Amino acid sequence: METPVCPDRTDNASPELERLVALRTQELKIALERAQSLYDQAPCGYLSLDADLRFVNLNRTLLDWLGYEREELLDHHRDLASLLEPEWVALMRIRMQHLIDTGRTEPIELEIRRKDGSRFHALCSSTAVVDPQGRFLYSNTTVTDISERKAAEQRLAAHDAFLRSITDRIPTHLAYYDKDLICRFANTAHAARSGRLVSEMVGAHLSQLVDPEQLPDILPHVADALNGQKQTFESERLEADGSRTFYEIHYIPDFQLDTVEGIFIELHDITERRRTEEFVLEANRDLEERVRERTAELFQSEQRYRLMVDAIQDHCIYFVDESGAVTEWTESAQRLHGFARTQMIGKPYLRLLAVDNAGEDEVDPAQVLRLATAHGQWETRGWRLRDDGSRFWAHTVLTALRNEAGELQGLSCITRDMTAAKSLEDVMNDLNKELEKRVAERTQQLVAANKDLDVFSHMVSHDLRAPLRHISSFVTLLQEQLGEVNDPIAQQYLNSINKASKRMSHMIEGLLEYARLGRVAIEAQPVPLAPLLDGVIAHLKQESQGRTIEWVVEDDLPVVRGDAMLLAQAFGNLLNNSVKYTRPREKAHIEIGWKINPVGGRTFYVHDNGVGFDLEKAHNLFVMFQRQHHSMDFEGTGTGLALSQRIIERHGGRIWAESAPGEGCTFYFTLPFEGPEPEMDFPKSSMADLPV
């Protein structure tokens with residue numbers, strides 16, 4: 001504060017003047033103290049800065065907010081930059097220069113740092129103080145703490161963001177228009193419906209946001225809503241792709257102190273609901289039409305049922321309640337039993353049973369109703385009575401009739417006249433007894449034949465083999481006796497005898513093996529064919545060294561059920577045939593594959609490119625000692641195929657062949673499969689279609 005200038009005192013000044021000066025000085029001091037007190041105790045902060053943002057003065061209020069003493073800021077020539085972040089300092093220097101140039105600036109919100117490092121938000125308004133010549137001296141700045149307001153604004157912003165997050169996530173289209181029809185709020189779904197952003201809708205008039213063609217239909221509802229009447233209606237919109245979208249629209253007045261200040265708008269997309277309603281309506285129409293058709297069909301079916309029930313000859317049907325009393329007696333029942341309807345309605349059905357029936361039915365007739373009710377159905381056989389006293393043998397089925405709730409409605413009794421069948425059954429029983437007698441006699445004959453076969457086999461294996469061994473031995477002795485005698489005729493005879501004896505020995509062995517296979521027990525077990533064939537082929541490769549044979553075996557050979565040793569023998573015979581009859585080929589080709597048999601099991605095949613044979617002449621292909629080629633061309637006794645057939649038949653399969661002269665041969669055979677049958681998905685095979 002400036003001190004007023006007092007006039008110079010002269011030595012001859014009066015004491016009164018000195019007293020006045022002292023009084024005036026005291027008044028000025030008191031005024032200055034009051035002004036300083038008002039300055040320091042003001043509810044807002046006061047701050048004075050020079051052109052370099054250095055502190056010139058601060059009031060007590062601002063110092064308390066900052067946590068500083070006046071000396072800490074003024075005596076050490078601190079400036080405002082020490083209380084601000086760098087980005088704020090640059091802005092304040094620009095504003096100071098503007099204040100110096102113009103004498104005034106707009107208020108600004110700052111974040112000021114306290115002595116303890118914390119911050120508070122402040123609103124600063126500055127004016128310039130100049131000397132009489134207009135030169136800038138310092139700035140006077142009012143500082144208002146707006147931290148609570150900023151916190152409230154942040155909470156409000158977070159609340160608004162939370163509300164918008166909620167409204168943007170719901171499918172309902174929401175908007176708010178004030179009473180001047182200016183949009184004040186719209187969620188994302190509502191803005192997207194108009195093809196705009198939310199920021200483009202807020203602040204726009206309703207007429208700018210609604211299709212002009214729809215505006216005449218909407219404005220009456222808007223006017224009623226502004227008059228305080230809630231509006232609910234539906235609207236249809238044609239989309240760009242030609243589809244139709246249906247909306248349910250609500251206009252809700254915003255009452256504030258009994259005055260409508262605006263309207264809330266809710267749009268619900270009900271397209272799916274309308275489609276569902278249309279679908280249900282159409283379905284109901286279709287259902288009604290089907291019900292009418294079904295009713296007519298049921299009526300016709302009921303008529304046919306009654307005609308059928310009444311027209312059957314050897315059967316009849318009637319109905320009883322749970323106690324056995326007859327509730328419905330049809331014409332077919334009257335025709336079969338002879339009793340009239342009036343004679344049976346309400347009477348127990350047990351009067352239809354013969355008195356000597358106890359030994360024929362499976363259970364006591366009195367228990368049949370209980371069993372049929374408990375199990376749903378029960379069958380019984382026995383003698384039934386007619387009105388004239390005669391009886392007939394019948395088969396009766398009692399069925400419990402229940403409604404959808406499971407409640408018993410009664411029982412149906414279907415009776416069939418089985419008198420002729422009973423007579424036939426008696427005849428069949430007599431025939432079966434005779435057949436069993438003949439089977440027993442035949443079995444005894446087969447046992448005797450098997451004994452004779454065993455004797456024959458023993459004789460063949462011992463009595464016939466001994467002479468053959470003698471012949472072979474004496475031929476060897478003759479060859480040694482002749483030594484080096486050069487008699488080609490004699491040598492030829494001896495060789496022929498030797499070959500014939502060996503061939504006879506092989507035929508006897510084949511015959512014994514054939515007989516043995518008819519009696520041997522099959523030890524069925526899972527047999528994986530892949531390792532079994534590997535062993536058989538390895539043996540054949542060893543015996544056919546020097547030949548070029550291409551072996552093709554499918555990788556996924558299945559597991560079958562049978563006797564592993566017998567199956568190996570069957571495969572060995574078939575593959576040995578292929579090796580033998582492909583000998584004339586420069587490059588032999590033998591292929592083994594399989595496929596699923598549609599009637600069960602697996603069908604296997606062995607194919608070669610050998611000489612083949614004429615199937616039309618091969619009527620006895622699987623008969624013992626039958627050959628399709630001369631022994632001079634291919635060795636063998638003609639037992640291999642017969643043995644293979646017997647092994648496969650003992651496994652429940654069958655074998656057949658396809659061939660032509662010069663075109664190779666293919667043998668097919670079936671074997672049972674080990675495991676559950678899969679779906680019919682045939683594996684790939686080099687054979688296009690294998691016959692079943």
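Everything quoted here is computed from the prediction, not taken from an experiment. All values below were derived from every heavy atom in this structure, side-chain atoms included, with hydrogens, water molecules and symmetry-related copies excluded.
In this structure, the side chain of His651 engages the main chain of Asp563 through a donor-acceptor pair within 3.5 Å.
No side-chain heavy atom of Gln409 sits less than 4.5 Å from a side-chain heavy atom of Arg402. By the 4.5 Å heavy-atom criterion applied to side chains, Ile592 and Val552 are not counted as neighbours. Residues Asp608 and Thr666 fail the side-chain proximity criterion, which asks for heavy atoms closer than 4.5 Å. Put simply, the side chain of Phe604 reaches to within 4.5 Å of the side chain of Leu529, judged on heavy atoms. At least one side-chain heavy atom of Ile596 sits under 4.5 Å from a side-chain heavy atom of Arg602.
Closest of all the heavy-atom pairs between Val579 and Ser544 is CG1-CB, 4.1 Å. The shortest heavy-atom contact between Ala400 and Leu408 is CB-CD1, 3.9 Å. Counting all heavy atoms, side chain and backbone alike, Trp594 lies closest to Asp556 at NE1-O, 3.2 Å. Gly610 and Arg585 get closest at one heavy-atom pair: O-NH2, 2.9 Å.
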Test log, rule side-chain contact (heavy atoms from CB on, under 4.5 Å), inputs Leu575 and Val606: CA-CA 7 Å; Leu575 293 176; Val606 176; 3.6 Å; yes
Residue pair Cys665, Phe613: steps toward the side-chain contact (heavy atoms from CB on, under 4.5 Å) verdict: CA-CA 8 Å; Cys665 179; Phe613 55 86; 3.7 Å; yes
Full working for side-chain contact (heavy atoms from CB on, under 4.5 Å) between Leu557 and Leu532: CA-CA 10 Å; Leu557 288 172; Leu532 185 144; over 6 Å; no
Verdict with supporting geometry, Val397 and Gln377, side-chain contact (heavy atoms from CB on, under 4.5 Å): CA-CA 7 Å; Val397 179; Gln377 190 176 82; 3.6 Å; yes
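A salt bridge links Arg285 with Glu282; the closest basic N to acidic carboxylate O contact falls under 4.0 Å. Classification of Glu297 and Arg294 as a salt-bridged pair holds, one side-chain N sitting under 4.0 Å from a carboxylate O. Taking the charged nitrogens against the carboxylate oxygens, Glu289 and Arg292 do have a contact shorter than 4.0 Å, which makes a salt bridge. Lys437 has no carboxylate O lying under 4.0 Å from a charged side-chain N of Glu434, or vice versa, which leaves the two without a salt bridge.
Ring planes of Tyr668 and Trp656: parallel class, angle under 30° (limits at 30 and 60°). Relative ring orientation between Tyr349 and Tyr318 is described as tilted, the plane-to-plane angle lying within the 30° to 60° band.
If you take CD1 on Ile414 and CG on Leu398, they are separated by 9.5 Å, rounding to the nearest 0.5 Å.
Enclosure of atom CZ in Arg290 is not indicated, since only 12 or fewer non-hydrogen atoms of other residues, nucleotides or ligands lie within 6.0 angstrom.
Here Phe392 and His337 bring their ring centres to under 6.0 angstrom of each other.
Thr396 and Thr380 share no donor-acceptor pair across their side chains, judged by distance under 3.5 Å alone.
Note on residues 403-425: no pairs pass ring-ring contact (aromatic ring centres under 6.0 Å, His included), not counting sequence neighbours.
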